[in-house]
Amino acid sequence: MADLFLGKVLVKNNRDQDELDTEREIWERLQNRVILLFFARSRDSQCQEFAPLLKDFFVRLTDEFYVNRASQLALVYVSLDQSEEEQEKFLKDMPKRCLFVPFKDEEFRRNLEAQFAVSHVPVLVVLKPSGHVISFNAVDEVVRLGPPCFKNWQEVSEIIDRSFLLPEFTDDRAGRSMTDPIRRIKYKVESPDDKKKRKHCDDEEEGGGGGTELF
């Protein structure tokens, strides 16, 4: 899926609107995730109605306030507005963790619009990490089912569950449980030297270490 955006620039919807303009940055944000492409116009009444529902949907799946571990989901906004001012106004109501295609890259925005046959708005295209389409428009699905519909997408998307990956292969280090260090100690693999030392201590205790029996 990240291949769709290679050579392009995506922007974070944060205060500084940081740009992701390298292959590595884009890959890290989009790899192994279900991707949502949201096509909308700020002046369209249906887009205005759906935007807060989409924001709530996305936040409930990715914000640690609602979930223990953020879902493997990315949201990319593709504006079909007539001006950058209209786009900026609409972005204020979008999740801070979403990405968007720069307004100045009109050619790429129009190419995406044509590639996914967008003839009306709002449109929410759901993609596998491979780029294959799960749904050409999941707006109704999100409205009807809410966050539970993500599980349906996850099952068919062939993404790797991050709970089975080592921390260094994920970007979710902040979401670790406070009991993680305890679990790592509990399940620590014992080395051969450690086993010998433990066996030696056990043999000494069993061989009459001079202890006094209480009973």
Side-chain angles (χ1 to χ4, degrees), residues 1-2 4-5 8-21 25-26 28-31 33-67 70-113 115-116 118-127 129 133-150 153-154 171-172 174-175:
M1 175 55 223
L4 181 64
F5 297 98
K8 301 297 181 180
V9 174
L10 292 177
V11 185
K12 297 179 181 179
N13 190 34
N14 55 16
R15 180 182 299 177
D16 297 326
Q17 293 195 343
D18 300 315
E19 292 187 350
L20 304 178
D21 54 5
E25 289 175 323
I26 291 177
E28 287 179 347
R29 286 300 296 265
L30 300 181
Q31 69 167 334
R33 284 173 169 79
V34 172
I35 311 295
L36 304 180
L37 296 183
F38 179 40
F39 295 85
R41 294 188 185 90
S42 63
R43 292 189 177 185
D44 184 270
S45 59
Q46 290 184 321
C47 294
Q48 294 170 2
E49 291 175 8
F50 179 65
L53 297 178
L54 178 61
K55 179 179 180 179
D56 182 70
F57 172 86
F58 185 75
V59 169
R60 287 183 178 276
L61 286 167
T62 59
D63 193 317
E64 285 78 12
F65 180 81
Y66 297 100
V67 290
S71 299
Q72 289 158 261
L73 183 68
L75 174 61
V76 179
Y77 174 56
V78 185
S79 171
L80 301 183
D81 286 313
Q82 298 300 313
S83 70
E84 190 168 5
E85 290 72 24
E86 291 178 350
Q87 174 182 279
E88 290 297 322
K89 182 179 179 180
F90 196 76
L91 282 169
K92 291 180 180 179
D93 296 324
M94 293 290 290
K96 298 305 178 186
R97 292 187 178 185
C98 83
L99 305 172
F100 64 92
V101 178
F103 185 83
K104 61 185 178 182
D105 196 350
E106 182 177 3
E107 181 181 0
F108 184 45
R109 291 189 292 114
R110 298 306 175 192
N111 287 343
L112 290 173
E113 180 184 6
Q115 180 174 346
F116 295 103
V118 177
S119 59
H120 64 280
V121 289
V123 167
L124 186 68
V125 179
V126 184
L127 300 170
V133 177
I134 297 175
S135 173
F136 278 99
N137 195 356
V139 168
D140 290 341
E141 192 175 358
V142 169
V143 171
R144 287 187 295 105
L145 301 178
C149 68
F150 172 72
W153 304 338
Q154 187 178 31
D171 62 353
D172 195 23

- Item | Note, Leu30 side chain near Leu4 side chain (heavy atom, < 4.5 Å) | no

- Message: With a 3.5 Å distance limit and no angle check, can you tell me whether Ser71 reaches the backbone of Leu61 through a side-chain donor-acceptor pair?
- Response: yes

- Task: Taking salt bridge (Lys or Arg N to Asp or Glu O under 4.0 Å) as the test, write out the residues that go with Arg110, two or more places apart.
- Result: Glu106, Glu113

- Message: Checking Glu141 now: which residues fulfil salt bridge (Lys or Arg N to Asp or Glu O under 4.0 Å) with it, not counting sequence neighbours?
- Response: none

- Query: Would you find a donor on one side and an acceptor on the other, under 3.5 Å apart, between the side chain of Arg97 and the backbone of Thr62?
  - Reply: yes

- Task: Keeping the roles fixed (side chain from Ser79, backbone from Asp81), state whether a donor-acceptor pair exists under 3.5 Å.
- Result: yes

- Message: Applying side-chain contact (heavy atoms from CB on, under 4.5 Å), can you list everything that pairs with Asp21, at least two apart in sequence or on another chain?
- Response: Val9, Glu19, Glu25

- Which residues pass the side-chain contact (heavy atoms from CB on, under 4.5 Å) test with Asp63, sequence neighbours left out? Val59, Phe65, Tyr66

- Distance flag, aromatic centroids of Phe150 and Phe57, threshold under 6.0 Å: no

- Message: Using a 3.5 Å distance criterion without hydrogens, assess whether the side chain of Asp44 forms a donor-acceptor pair with backbone atoms of Pro122.
- Response: no

- Item | Exam field: side chain Asp93 to backbone Pro52, donor-acceptor pair closer than 3.5 Å | no

- Within-4.5 Å side-chain heavy-atom neighbours: Val139 and Gln46: no

- Short side-chain to backbone donor-acceptor contact, Arg33 and Gln31, under 3.5 Å: yes

- Would you call the rings of Phe5 and Phe108 parallel, tilted or perpendicular if under 30° counts as parallel and over 60° as perpendicular? perpendicular

- With sequence neighbours left out, what residues match Asp105 under salt bridge (Lys or Arg N to Asp or Glu O under 4.0 Å)? none

- Taken in chain and number order and not counting sequence neighbours, the residues that satisfy ring pair (Phe, Tyr, Trp, His ring centres under 6.0 Å) with Phe100 are none

- Query: If only atom types and distance count, is the side chain of Arg41 paired as donor or acceptor with the main-chain N or O of Cys47 below 3.5 Å?
  - Reply: no

- Give a yes or no on whether the backbone of Asp18 and the side-chain of Asp16 come within a donor-acceptor separation of less than 3.5 Å. no

- Asn111 side chain to Glu107 main-chain N or O, any donor-acceptor pair under 3.5 Å? yes

